Amino acid sequence: MKRMGIAVLSALVVAVVAFPQQALYDVVIHDGMIVDGTGNPWYRADIGIAGGRIQKIGTIPASAGRKAINASGKAVSPGFIDLHTHSDIPVLVDGTAQSAVRQGVTLDVIGESASVAPLEGVVLEEFKREQKRQYNFDVDWTTVSGYVQRLEKQGVSINIAISVAPQQIKRAVIGYQNRPARAAEIVRMKKLVEQAMLEGAVGLSSAFNGGGYDNPEEMFEMAAVAAQYGGYYATHVGSEGYQLTEEIKKAIQVAEVTHIPIHIFHLKIRGKNLWGKAGPALAMIEEARSRGLEITANQYPYTAMQHPWSRLFPDWAVDGPRERIIELLSDPATREKIKKDPLFHQYVDEHGGFEGIVASRITNPKNKQLEGKTIAEVAKMRGDKDP
Ligand SMILES: [Zn+2]
């Protein structure tokens, strides 16, 4: 035994001497401050990577890696997951995804309020038209797997996880009709959720105006299917202002009924009058968690938000394809009706009021001079007393 041990040892010595240049690792990251993402405090160490995996964290000599990265004075951590990106089409327009990578993001979750699939009926037409208009981009898929194929064909620098929008699924089935879905339609909606999940979707992602969802049964039915396939339900609960507690209650109910994990997007309270009043909403979430429901939430670290103009108007005024909405909003009678709708005033207030809402991006060259101006300023420039 002893002799054999010596023989093995000497073979090893010979090997080391014979291949002094052979590196143990493809890459060694030296001397970084490691933040491992588990909540541990950071520590200083080297990381050896081979075959695309971390093989060692500790002290590694400089000669052990084919490539060395000096991370002295820098933090080294696992890639960040961005849960809320809207990069569905941008990653196809520019697969380098530099705006993600340069912030340390290695996984984008896509599909918020609208999703890359399923694309059917009026949804397909409008989706194609919008991507052409916004990005001069041609859509050539209708399903999750079709999108993935396109992504793989073009190449992308980061990982992508896809969620699908239940409201889009309903619209794909019933079109632009503001009514509850019928039994046969719900069956079809569930089928589309199932197909998306089978093709690799990670779950559902919804966005509501004030008050959250209108038809509980539809939400529960679709969420139950996603839950069955291990998915989660992420939601913009509503207008996050005057109706926040009602909206949180509805989100929690989805978890209660279907046992699906829920993630609440950018949990906050909008509307100056409501500042400081997020407490009850947080308490509801804590209470639901204490009952064993899986509910999480996030918030971004800045005080502004960005929305299309349509979010200022009640659902009845913006339910249709873009062209139709523009037509409706140009009609003086519709404008008068909007002004009389209390929801319009609620949404404006929740967005910061006429003094707080800024035209951040204007594509029409005719109106470019309004970029960066508040609605109140625009009204003044136009000599209009009524914003
Ligand atoms: Zn959002």
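One-based numbering, in listed order, for ligands and for the atoms of each. As the structure is a prediction and not an experimental result, all values here were calculated from the model. Heads up: numbering here begins at 1 and tracks the sequence.
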Inset, instruction - May I ask you to check whether His236 and His84 place their ring centres under 6.0 Å from each other? - result: yes
Please output the side-chain donor-acceptor pairs of residues 106-114 that fall under 3.5 Å, not counting sequence neighbours, one pair per line with the distance.
residue: Asp108; atom: OD2; partner: Ser87; partner atom: OG; Å: 2.7
residue: Glu112; atom: OE1; partner: Thr85; partner atom: N; Å: 3.4
residue: Glu112; atom: OE1; partner: His86; partner atom: N; Å: 3.2

Legend entry - Main-chain N/O of Ser99 paired to Gln103 side chain as donor or acceptor, under 3.5 Å: yes
Legend entry - side-chain hydrogen bond (donor to acceptor under 3.5 Å, both in side chains) involving Tyr229 - partner list, sequence neighbours excluded: Glu194
Legend entry - Within less than 2.8 Å of the Zn ion (ligand 1): protein N, O or S atom count: 3
Inset, instruction - Measure across Gly52 and Asp26 and return the closest heavy-atom pair with its distance rounded to 0.1 Å. - result: N-OD2, 4.4 Å
Legend entry - Residues in side-chain hydrogen bond (donor to acceptor under 3.5 Å, both in side chains) contact with Arg179, at least two apart in sequence or another chain: Gln177, Glu185
